[in-house]
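Note sheet for the following structure.
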There are 2 protein chains.
Amino acid sequence: MDLVRATTDERVLRTLMEHRRLTRAELAVLIGISKPTAGESVRRLTDAGLIADTGERTAGGRGRGRVGSYYALRQDVGTALAVGIGPEGVIAEAVDAYGEVAARAEQEISRPARPAQVAAAVRTVAADAATRAPAPPRLAVVSAADPVDRATGRLVQLPDAPFLVGELDPVTVLAPYVTGPVAVDNDVNWAAQAERAAANPPLADFAYLYLGEGLGCALVSDGEVRRGATGLAGEIAHLVTTGPQGRAMPLTGVFAELGLHRPGSAAIDVDRLLSAATASPPLREALGRALGGVIAALVALADPAAVVVGGPWGGNEAILDAVRAGFAGGPRKVAIRAAATTALPALTGARLDAASRLRAAIVAAAGAAHAIPS
Amino acid sequence: MDLVRATTDERVLRTLMEHRRLTRAELAVLIGISKPTAGESVRRLTDAGLIADTGERTAGGRGRGRVGSYYALRQDVGTALAVGIGPEGVIAEAVDAYGEVAARAEQEISRPARPAQVAAAVRTVAADAATRAPAPPRLAVVSAADPVDRATGRLVQLPDAPFLVGELDPVTVLAPYVTGPVAVDNDVNWAAQAERAAANPPLADFAYLYLGEGLGCALVSDGEVRRGATGLAGEIAHLVTTGPQGRAMPLTGVFAELGLHRPGSAAIDVDRLLSAATASPPLREALGRALGGVIAALVALADPAAVVVGGPWGGNEAILDAVRAGFAGGPRKVAIRAAATTALPALTGARLDAASRLRAAIVAAAGAAHAIPS
DNA sequence: CGATTCTAGTCAGGGCTCTTGCCTGGAAAG
DNA sequence: CTTTCCAGGCAAGAGCCCTGACTAGAATCG
């Protein structure tokens with residue numbers, strides 16, 4: 001059973017991913033293994049083509065003593081693509097195993113988004129990021145501004161909800177640009193992941209309410225985003241809540257009634273909403289009551305420790321106060337606060353996951369390298 | 001690193017838990033290890049006092065060949081208590097590592113339940129089951145018919161919800177009867193666990209709606225019951241839904257308005273509800289609409305593959321049909337069906353978990369036995 | 001009734017990975 | 001130039017596992 005050797009190699013790889021470059025002696029101390037073991041593992045991983053002597057040597061002020069050889073992940077272990085697809089544009093980033101962005105490409109999309117155009121834009125930015133990356137992408141992680149089918153990764157149209165990106169199969173579109181799998185999820189779920197990573201102390205159970213052109217919600221339970229059976233968890237457009245006149249109606253109906261949709265669309269006109277909410281306290285209160293009802297349902301069903309509100313108009317303090325007021329009537333209490341990550345939160349979450357998956361793929365390659373010896 | 005030896009011992013223990021008694025040769029074949037390794041592991045586990053030669057010998061029709069010695073878990077590796085606490089009574093069962101009930105004690109409670117009386121009953125049945133069990137209980141798993149605080153295990157009173165059992169701290173009450181930890185959770189969550197275990201093919205994402213004196217809901221996501229930050233996930237009494245006249249109101253208000261509560265209590269009078277629902281189609285439809293609204297919220301937020309309805313009046317087919325009709329108006333679809341486990345579902349779930357925790361405790365003891373050698 | 005057959009369990013030898021202890025190489029400090 | 005100090009390699013030994021051969025003992029067969 002070479003299980004113990006595999007865990008040693010994994011620890012060496014993970015430690016190098018965390019510290020970028022280390023000598024064998026440093027590895028032995030950090031991991032808590034002996035020097036011969038560290039040396040053996042480094043030799044195996046070098047033979048497997050995963051790490052290499054960087055050529056750098058120690059003695060940079062460490063005092064006397066023999067110089068050590070720094071080892072690091074090889075450049076060509078690969079990168080991972082993080083792709084963000086939204087109605088206003090498409091972004092692709094190639095991230096390395098350290099989580100750093102090595103290449104980036106971006107393209108705007110004319111509105112309304114047409115699927116063929118979006119697919120072409122995704123191909124363009126993916127190809128661009130892939131060619132400019134220092135190593136070919138092994139896998140891709142996609143954030144899309146529409147509901148995602150968990151089994152297939154395709155975008156799903158729900159009745160009366162805005163279809164911001166439209167019919168699209170990111171897995172098929174991106175498969176030619178990567179050698180490994182393509183993972184797809186909703187932008188709100190990725191934003192919640194970014195929020196979870198940013199939280200200190202860690203937040204294991206919370207809800208993320210996204211308020212933008214579309215309305216979405218992500219539920220994090222026991223430290224993970226929970227997607228539900230088909231991936232449609234958190235699709236709150238039809239959740240029944242309190243309407244402007246106190247009547248019960250689906251959340252999306254509230255926006256229709258308040259005249260906040262873009263003409264001929266179920267998407268929210270964010271600019272109009274923000275100016276209307278500033279100008280009209282009653283409208284702001286109506287929004288707060290409607291969203292407070294959504295949060296009441298969230299709290300009753302999922303019991304989050306906090307509700308994080310993000311998105312283009314979710315960070316607005318006046319709206320946040322209205323939401324707090326709209327929720328306050330209920331019997332339960334919960335902290336409602338603005339999201340910490342405001343710049344491209346979904347891409348941030350996708351990027352974190354892309355790096356994490358890339359690291360897992362590299363570790364798996366180390367395990368496979370010895371299983372099928374050359 | 002004795003990691004590999006620890007996994008060998010664990011596999012031997014787990015295999016014995018599954019097959020009750022095996023010879024060393026059978027262990028080697030079942031686990032896929034060599035005979036000497038199996039023999040070594042058996043010797044270690046025997047020295048640690050976890051397993052023993054049962055005295056039984058093979059050759060029961062196996063043909064010629066040397067007789068083998070059967071080994072099995074020792075009787076005194078311990079049992080686990082599964083305790084069910086509800087308004088009508090208290091049950092304690094001592095289960096062994098095979099999941100079989102070795103002793104059982106039961107006591108009724110006069111209504112309304114008074115905390116001191118409930119605590120006394122819990123002590124009585126726990127002591128009774130513990131003394132009649134073949135080995136002392138190492139741990140306890142408690143199902144209680146009230147919301148449970150996840151951090152402390154105490155029962156929680158929520159406003160306007162029936163407090164069926166009342167102020168009680170099962171951890172403190174049961175600690176004297178066990179040497180290890182006491183785990184407490186809501187009866188609905190345990191019932192959902194029982195349902196998950198009974199489902200074939202496995203159900204990883206579903207919701208369990210419990211309809212009894214109290215109203216509850218459990219959410220299973222990615223194969224686990226999700227309890228939320230404080231353990232109050234699924235407390236749906238205040239979820240806003242459609243009332244009898246089409247007005248929005250909390251679920252508990254629907255029952256108040258329909259006159260289905262026990263006098264002076266927020267608990268539902270099940271007998272009255274069942275006869276009224278049979279006699280009056282409009283009332284049945286009103287119930288169906290209210291519960292359909294709850295399921296719509298469940299589906300929007302958690303996206304279950306199915307909604308399982310259980311509890312004293314949840315299995316009623318006429319009510320189930322009304323619930324299906326009440327939900328059908330929404331944009332999403334989901335299978336709504338009656339629970340498979342109808343006899344003491346919560347205790348069944350708690351019992352499964354008690355056995356599972358006992359097995360984990362025994363395996364942990366094997367790991368610890370060598371860490372601190374005598 | 002003895003020889004044969006067949007299986008449970010043990011023993012011996014060897015491989016793998018880990019560890020400790022010792023040695024060598026080589027640059028900086030004094 | 002000598003001393004100091006650290007990176008790295010080598011050798012020996014321990015622990016766990018495996019294979020293959022051996023022993024023990026009961027059932028079956030001729």
field: Leu22(B) CG - dT7(C) C1' separation (whole Å)
entry: 16 Å
task: Measure from the side-chain N and O atoms of Ser41(A) to the backbone N and O of Ala38(A), and report whether any donor-acceptor pair falls under 3.5 Å.
output: no
query: Has Arg66(B) got a side-chain N or O lying under 4.0 Å from the OP1 or OP2 atom of dG9(C)?
result: no
query: Is there a side-chain polar atom (N or O) of Ser69(B) under 4.0 Å from OP1 or OP2 of dA8(C)?
result: no
- request: Assign each of Ala25(A) and Ala6(B) to its nearest nucleotide of DNA chain D by heavy atoms, then name whichever residue's nucleotide is nearer the 5' end.
  value: Ala25(A)
- prompt: Considering only dA27(C), dC17(D), dA8(C), which nucleotide approaches the side chain of Lys35(B) most closely?
  reply: dA8(C)
Backbone N/O of Ser221(A) and side chain of Arg226(A): donor-acceptor pair under 3.5 Å: yes
- prompt: With sequence neighbours excluded, what pairs up with Glu18(A) under the salt bridge (Lys or Arg N to Asp or Glu O under 4.0 Å) test?
  reply: none
Euclidean distance, atom CZ of residue Arg43(A) to atom C1' of dT17(C) [Å, nearest integer]: 12 Å
task: Compare the minimum distances between each of dC17(D), dA7(D), dA27(C) and the side chain of Arg44(B), then state the nucleotide with the smallest one.
output: dC17(D)
query: Among the nucleotides dT19(C), dA27(C), dC17(D), which one has an atom lying closest to any side-chain atom of Ser34(A)?
result: dT19(C)
message: Distance check needed: dT17(C) P versus Leu45(A) CG, whole Å only.
response: 13 Å
- prompt: What is the distance, rounded to the nearest whole Å, between atom CG of Asp53(A) and atom C1' of dG8(D)?
  reply: 13 Å
Protein-nucleotides 13-15 of chain C N/O pairs under 3.5 Å:
none

message: Nearest whole Å is fine: how far is dC17(D) P from Leu27(B) CG?
response: 13 Å
statement: Taken to the nearest whole Å, CZ/Arg11(B) to P/dC16(D) is 15 Å
- prompt: Within less than 4.0 Å of OP1 or OP2 of dT10(C), is there a side-chain N or O belonging to Arg24(B)?
  reply: yes
Collect all protein-nucleotide pairs involving nucleotides 10-15 of chain D in which both atoms are nitrogen or oxygen and the distance is under 3.5 Å.
none

- request: State which residues pass side-chain hydrogen bond (donor to acceptor under 3.5 Å, both in side chains) with Glu93(B); sequence neighbours excluded, sorted by chain then number.
  value: Arg104(B), Arg351(B)
message: Per the salt bridge (Lys or Arg N to Asp or Glu O under 4.0 Å) rule, what does the pair list look like for residues 133-142 of chain B, sequence neighbours excluded?
response: none
message: Please pick, from dA7(D), dT10(C), dC18(C), the nucleotide with the shortest atom-to-atom distance to any side-chain atom of Thr37(A).
response: dC18(C)
- prompt: To the nearest Å, how far apart are Leu3(B) CG and dC17(D) P?
  reply: 11 Å
- prompt: Rounded to the nearest Å, what distance is computed from the OH atom of residue Tyr70(B) to the C1' atom of nucleotide dG9(C)?
  reply: 15 Å
message: Under the rule for side-chain hydrogen bond (donor to acceptor under 3.5 Å, both in side chains), what residues qualify as partners of Thr131(A), not counting sequence neighbours?
response: none
- prompt: Are any non-hydrogen side-chain atoms of Glu26(A) and His19(A) less than 4.5 angstrom apart?
  reply: no
statement: Side-chain atoms of Val4(B) come closest, of dC16(D), dG9(C), dT19(C), to dC16(D)
Check residues 27-34 of chain B and write down every donor-acceptor pair under 3.5 Å in which the side-chain atom is one partner and the other belongs to a residue at least two apart or another chain.
unit_1, atom_1, unit_2, atom_2, d
Ser34(B), OG, Thr37(B), N, 3.4
Ser34(B), OG, Thr37(B), OG1, 2.9

query: Who are the side-chain hydrogen bond (donor to acceptor under 3.5 Å, both in side chains) partners of Arg43(B), not counting sequence neighbours?
result: Glu40(B), Asp47(B)
- prompt: side-chain hydrogen bond (donor to acceptor under 3.5 Å, both in side chains): which pairs involve residues 355-369 of chain A, sequence neighbours left out?
  reply: Asp353(A)-Arg357(A)
